[in-house]
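One structure is given here, and the rest of the page talks about it.
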Amino acid sequence: MSLTKSERSIITSMWGKIATQADAIGTETLERLFTSYPQTKTYFPHFDLHPGSAHLRAHGSKVVAAVGDAAKNIDNVAGALSKLSELHAYILRVDPVNFKLLSHCLLVTVASHFPADFTADAHAAWDKFLSVVSSVLTEKYR
């Protein structure tokens with residue numbers, strides 16, 4: 001699946017705004033993930049999963065930074081996320097479905113932070129982009 005020129009433009013344009021609130025968006029995305037899909041908590045037994053905890057803030061920042069790396073390398077998402085894909089497949093052994101759940105939570109969080117920018121075209125572009133990210137993160141499982 002490849003992104004159109006218009007979709008790429010939407011992603012890179014919105015990424016500039018998202019980056020200014022990356023920590024808050026990352027934390028909120030994880031809070032939403034753990035609330036909506038509590039089974040995902042099993043990968044974080046050593047974390048304090050209470051809303052706003054230092055663990056959630058730190059990991060949320062990492063998650064959004066990885067999405068940022070993908071957005072900045074939109075023409076080579078696979079290259080940008082290769083090491084992260086290996087880590088999650090071979091070391092952490094995260095169930096691949098969780099990337100789709102996380103993508104959905106990030107999509108909802110971005111929409112709630114930027115309602116005026118989150119048009120139908122932006123929604124479609126971000127959904128497609130996050131599908132690409134999820135696909136890249138799960139390709140080492142195959």
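Side-chain atoms are counted along with the backbone in the values below, which use heavy atoms only and exclude waters and symmetry mates. Residue numbers run from 1 in the order of the sequence given. Just so it is clear, the structure is predicted and the values come from calculations on it, not from any experiment.
For the salt bridge (charged side-chain N to carboxylate O under 4.0 Å, His left out) condition, no pair includes a residue of residues 100-113, sequence neighbours left out.
Under the 30°/60° scheme for interplanar angles, the aromatic rings of His104 and Tyr37 are found to stand perpendicular. Between Phe44 and Phe34, the ring planes are perpendicular. Angles over 60° get that label, and only those under 30° would be called parallel.
Shown here for Ala70 and Val77, the closest heavy-atom pair between the two residues is O-CG2, 3.8 Å. Shown here for Tyr43 and Asn98, the closest heavy-atom pair between the two residues is CE1-ND2, 3.1 Å. Between Thr12 and Ala71, the shortest heavy-atom contact is CG2-O, 3.9 Å.
Panel note: side chain Glu28, backbone Ile25; no donor-acceptor pair is recorded below 3.5 Å. Side-chain atoms of Asn76 come within 3.5 Å of backbone atoms of Gly79 as a donor-acceptor pair (strictly under, hydrogens ignored). Judged by distance alone, with hydrogens and angles left aside, the side-chain atoms of Ser53 form a donor-acceptor pair with the main-chain N or O of Asp48 at under 3.5 Å. Looking only at distances, no side-chain donor or acceptor of Ser36 sits under 3.5 Å from a matching main-chain atom of Leu33. Checked by atom type and distance alone, the side chain of Ser13 never pairs as donor or acceptor with a backbone atom of Ile10 at under 3.5 Å. When atom types are taken as modelled, the side chain of Ser112 and the backbone of Thr109 share a donor-acceptor pair closer than 3.5 angstrom. Under the 3.5 Å distance criterion, the side-chain polar atoms of Lys128 are matched with a main-chain donor or acceptor of Ser2. Judged by distance alone, the side chain of Thr138 and the main-chain N or O of Ser135 form a donor-acceptor pair under 3.5 Å. Remark: side-chain polar atoms of Ser134 are paired, donor with acceptor, to backbone N or O of Leu130 under 3.5 angstrom. A donor-acceptor distance shorter than 3.5 angstrom exists from the side chain of Glu31 to the backbone of Gly52, with no hydrogens or angles considered.
The side chain to side chain donor-acceptor pair (under 3.5 Å) test applied to Gln39 returns no partner, not counting sequence neighbours.
The structure places CZ of Phe114 at 13.5 Å from OG1 of Thr119, a figure rounded to the nearest 0.5 Å. Rounded to the nearest 0.5 angstrom, Thr27 OG1 and His55 NE2 are separated by 12.5 Å. Rounded to the nearest 0.5 angstrom, Ser103 OG and Phe129 CZ are separated by 9.5 Å.
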Verdict with reasoning, Leu84 to Leu81, per side chain to side chain contact (heavy atoms under 4.5 Å, CB included): CA-CA 5 Å; Leu84 199 58; Leu81 300 180; 4.3 Å; yes
Steps toward side chain to side chain contact (heavy atoms under 4.5 Å, CB included) verdict (Val108, Phe118): CA-CA 10 Å; Val108 171; Phe118 212 76; over 6 Å; no
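Side-chain contact between Trp126 and Glu7 is absent, with no heavy-atom pair separated by less than 4.5 Å. The side-chain heavy atoms of Leu106 and Val110, taken from C-beta on, include a pair separated by under 4.5 Å.
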Side-chain donor/acceptor pairs under 3.5 Å, residues 59-66, sequence neighbours excluded:
| from | atom 1 | to | atom 2 | distance (Å) |
| --- | --- | --- | --- | --- |
| Ser61 | OG | Asp23 | OD1 | 2.6 |
| Ser61 | OG | Arg57 | O | 3.0 |

